[in-house]
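Start at 1 and go down the list; that is how both ligands and their atoms are numbered. In this text, all values refer to a predicted model and were calculated from it rather than measured experimentally.
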Amino acid sequence: MIVCKFGGSSVADDKQIRKVKAILDADKRRTIAVVSAPGRRSTGDDKITDLLYECNRLAQQNRSCRPVFEKISDRYLSIAKGLKLDEGRLIPALDEIRQGIDAGRGTDYAASRGEYLSGLIIAAYLGWEFVDPADYIVINSDGTVSPITYERLSVRFADGGRYVIPGFYGSTPEGVIKTFSRGGSDISGAIASRAAKAELYENWTDVSGIYAADPRIVKNARVISELTYKQVRELSDVGASVFHEEAIAPVIEAQIPINIRNTNEPDAPGTMIRAESSSRSLIGISGKGGFSRIKIRKLMMFRSPSEFFPFRH
Ligand code: ADP
Ligand code: ASP
Ligand code: MG
């Protein structure tokens, strides 16, 4: 089976979600969909996750989040309407979330609701089962994923049904909702892939693979057809934000290949990421602001590991 993760732009509106359904319908092996919160529909538009963080900020200042929350409600209601779902059924969930944010349930709760609502709507539209990651994915206080996650999720997926699972969050060992860092739905997709022993993890986004340079900066950059896990980790660690650097770890042990694909160009082969690659040449360039590495070379410097200091700020 194949796990498919759909990023923010792939679920930004009803038109995009119809593309998601067409992709899932095109291959019966695609039985688990991991979904992000709706992203930008065009330049200048809001990402739902950003609006949720803003709602939480207002609540922390004892101000009502209602005006910002209206934008969130409108977006989900229009998605549900566009998909011909009964949008009225969303209202209790939206009210509960707004009240929860106003009552100070905190940053992670607020931010996680974008994926939660996306998952509810997409599961209803596809007629697939909704799986709430808060009940399965355990995130430790240091951000690592507890091994119990894989035991629980593999039992949940064992009956071979079709599931929609929101990305980006799980809960602490105490059962409090906790998110990964920004872009963390890629990690959720990798976790679901490992738990379900997927033959492939497809990561559907808005570009046809990983480019040799950031396509927003280098207009004629080429898509790299094959990369190794290690190369992707290195590229994303220093700025190739297309795939979260922590999303490699869950799949590496099970050696599940990852395919980065474009929801808007589903026939493009995208980038395949595996343990080994046939290419040996220079693979790509990435960069990120506020990041420096200092390399110090000196004879006898590596007498003990504590004498090596990488810097990051
Ligand atoms: P999603 O919401 O689907 O997770 P992201 O916005 O997180 O999508 O990642 C996709 C974006 O990553 C692309 O639209 C592109 O602007 C950016 N990006 C940065 N570096 C690269 C790269 N080297 N190759 C491809 N995309 C890149
Ligand atoms: N919605 C979250 C974010 O904007 C997580 C994700 O999209 O992967 O960071
Ligand atoms: Mg992303």
Pair D50 + R182: basic N to acidic O under 4.0 Å: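 A salt bridge links D50 with R182.
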
D95 with R98: basic N within carboxylate O range, under 4.0 Å: yes

Aromatic plane relationship, Y116 with F130 - under 30° parallel, 30 to 60° tilted, over 60° perpendicular: perpendicular

Nearest neighbour in protein (non-hydrogen) for atom 6 (C) of ligand 2: S185 OG, 3.3 Å

Heavy atom of the protein closest to atom 7 (O) of ligand 2 (residue, atom name, distance):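 Nearest neighbour among protein heavy atoms for atom 7 (O) of ligand 2, to 0.1 Å: S36 OG, 3.3 Å.
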
R30 and E202: CA distance, side-chain angles, deciding distance, salt bridge (charged side-chain N to carboxylate O under 4.0 Å, His left out) verdict: CA-CA 9 Å; R30 296 176 174 142; E202 288 179 343; 2.8 Å; yes

Note, I210 side chain near L227 side chain (heavy atom, < 4.5 Å):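 I210 vs L227: side chains touch.
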
Residue-ligand contact A221/ligand 1, heavy atom below 4.0 Å: no

Ligand 1 contact by P215, heavy-atom criterion under 4.0 angstrom: yes

Mode of E115 contact toward ligand 2 - side chain, backbone, both, neither (heavy atoms, under 4.0 Å):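 Side chain only.
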
Numbered atoms of ligand 1 (with element) below 4.0 Å of [X], judged on heavy atoms:
X	value
I210	24 (N)
V207	13 (C), 14 (O), 25 (C), 26 (N)
S241	7 (O), 9 (O), 12 (O), 17 (C), 18 (N), 19 (C), 20 (N)
R216	16 (O), 17 (C), 18 (N), 19 (C)

Criterion side-chain contact (heavy atoms from CB on, under 4.5 Å) on L85 and L90, from CA distance to verdict: CA-CA 10 Å; L85 297 170; L90 270 184; over 6 Å; no

Regarding [atom]: of the candidates [options], which has the closest heavy atom?
atom	options	result
atom 26 (N) of ligand 1	V242, T271, D206	V242
atom 4 (O) of ligand 2	K47, R182, K5	R182
atom 23 (N) of ligand 1	F243, Y211, F6	Y211

Polar proximity ligand 2 side, F168 side, N/O cut 3.5 Å exclusive: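 By distance alone, the answer is no.
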
Test item, G114 contacting ligand 2 (heavy atom, 4.0 angstrom): no

Whether G184 lies under 4.0 Å from ligand 2, heavy atom: yes

Whichever hydrophobic residues join V155 through chains of side-chain contacts under 4.5 Å: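 Other cluster members: none.
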
Derivation of the side-chain contact (heavy atoms from CB on, under 4.5 Å) call for Y169 and F180: CA-CA 6 Å; Y169 72 94; F180 293 113; over 6 Å; no

CZ (R57) with more than 12 external heavy atoms under 6.0 Å: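 Yes.
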
Which segment of K5 sits under 4.0 Å of ligand 1 when only heavy atoms are counted: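 The side chain, only.
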
Lys/Arg cation over aromatic Y211: R222, 6.0 Å, 45° cone: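 Verdict for Y211: no cation-pi partner in R222.
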
